[in-house]
Amino acid sequence: MTGETDDNDSEDNVVRASATAVGTSSVSATATVAFSADNIRERLEDDEYALALVLTATRLENIVSQAVRRHYDWNQEKFESEGYDKYSLGALMQECVEYGALSEHTDELNRMRSGKRKIVSLRNNLVHEYGYLDDIEEDEDLQDELEEAIENAIDFIESVEI
């Protein structure tokens, strides 16, 4: 009887694990599409500047996080145990620059952290300073600045795709 219960429990676990894996795959596919360069471009075309900026910053964070993990040959668990999952986008970009995780893209990373293509500052302003996303929709100069920064970030995203 005990063996029979163990077999049933084992079979239930396999079914649950398979269902979880299937669910995870579809979520990952959806997330990949949502953060794709094409989707970000569509948000810009639809004048959804705030959403485009958030999607861009999130995709950039994913790319530089993966680059750091790959550079140190770490899995996600090691990355988190070292505290890197708490790093900001700017700090992760700095890590890539300082330690050569994306050495062929150092200049572009630096430009996205400061200067006209300062995606990090724009994202920080959106999250911490503006508070109301409608402000972006009404400020044409800010829209132009965001559009230029996001388009440059998209070029980086497409050239780096990890």
Side-chain angles (χ1 to χ4, degrees), residues 20-72 74-77 79-80 82-162:
T20 301
V22 169
T24 303
S25 296
S26 65
V27 169
S28 296
T30 303
T32 300
V33 170
F35 295 100
S36 70
D38 289 338
N39 188 44
I40 296 167
R41 273 193 195 95
E42 285 179 31
R43 298 312 111 225
L44 279 179
E45 290 168 7
D46 293 341
D47 296 333
E48 297 176 30
Y49 298 101
L51 181 56
L53 179 58
V54 170
L55 292 172
T56 302
T58 304
R59 184 67 186 123
L60 289 171
E61 187 174 334
N62 178 266
I63 289 170
V64 294
S65 292
Q66 286 183 44
V68 168
R69 285 195 311 265
R70 193 174 58 198
H71 179 74
Y72 291 119
W74 290 344
N75 61 21
Q76 182 64 29
E77 185 178 328
F79 181 81
E80 290 172 7
E82 293 292 327
Y84 281 86
D85 60 321
K86 306 287 189 268
Y87 278 35
S88 67
L89 174 58
L92 287 166
M93 287 178 154
Q94 180 64 32
E95 183 81 9
C96 287
V97 168
E98 284 185 24
Y99 298 103
L102 289 168
S103 57
E104 65 278 13
H105 300 284
T106 298
D107 290 341
E108 190 59 30
L109 284 167
N110 281 325
R111 280 191 294 271
M112 284 189 292
R113 289 176 38 232
S114 62
K116 277 190 118 5
R117 300 182 198 178
K118 56 186 183 276
I119 200 80
V120 173
S121 297
L122 290 167
R123 180 232 162 250
N124 289 344
N125 288 344
L126 171 70
V127 172
H128 302 295
E129 197 173 304
Y130 295 125
Y132 295 98
L133 303 182
D134 295 339
D135 293 349
I136 295 170
E137 310 305 327
E138 298 168 6
D139 185 339
E140 288 186 29
D141 291 336
L142 181 56
Q143 290 172 9
D144 291 343
E145 186 178 358
L146 281 167
E147 194 166 334
E148 181 181 349
I150 291 170
E151 286 174 354
N152 287 313
I154 288 171
D155 291 343
F156 171 78
I157 289 166
E158 290 177 330
S159 71
V160 171
E161 287 297 342
I162 293 177

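Everything numeric here is computed off the predicted structure, so don't read it as measured data.
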Do L44 and L146 come close enough that some side-chain heavy atom pair is under 4.5 Å?
no
For residues N110 and T106, determine if any side-chain heavy atom of one lies less than 4.5 Å from a side-chain heavy atom of the other.
yes
Just to verify, which of I119, L122, D107 counts as forming a side-chain contact (heavy atoms from CB on, under 4.5 Å) with M112?
I119
By side chain to side chain donor-acceptor pair (under 3.5 Å) - contacts of D47 (at least two apart):
Y49
Considering all heavy atoms, the nearest F79-R69 contact:
CD1-CG, 3.2 Å
Show me the donor-acceptor pairs within less than 3.5 Å that the side chains of residues 89-103 make with the rest of the protein, sequence neighbours left out.
unit_1 : atom_1 : unit_2 : atom_2 : d
Q94    : OE1    : R113   : NH1    : 3.0
Q94    : OE1    : R113   : NH2    : 2.2
Q94    : NE2    : E98    : OE2    : 2.5
E95    : OE2    : Y72    : OH     : 2.7
E95    : OE2    : Y84    : OH     : 2.8

All side chain to side chain contact (heavy atoms under 4.5 Å, CB included) counterparts of E80, not counting sequence neighbours
Q76, D85
If you round to the nearest 0.5 Å, how far is CD of E151 from CD1 of I40?
11.5 Å
CD/E77: more than 12 non-hydrogen atoms of other groups inside 6.0 Å
no
Validate the cation-pi geometry between R59 and F35: distance from NZ or CZ to the six-membered ring centre under 6.0 Å, angle to the ring axis within 45°.
no
To the nearest 0.5 angstrom, please state how far the CZ atom of F156 sits from the CD1 atom of I63.
6.0 Å
Once you round to the nearest 0.5 Å, how far does CD1 of I157 lie from OG1 of T56?
5.5 Å
Which residues pass the side chain to side chain contact (heavy atoms under 4.5 Å, CB included) test with D141, not counting sequence neighbours?
D139
Please round to the nearest 0.5 Å and tell me the distance separating atom CD of E140 and atom CD of Q143.
6.0 Å
Salt bridge (Lys or Arg N to Asp or Glu O under 4.0 Å) partners for E147, two or more places apart:
none
Gap separating the OG atom of S159 from the CD1 atom of I154, nearest 0.5 angstrom
12.0 Å
Can you list everything that forms a side chain to side chain contact (heavy atoms under 4.5 Å, CB included) with D46? Sequence neighbours excluded, please.
R43, E48
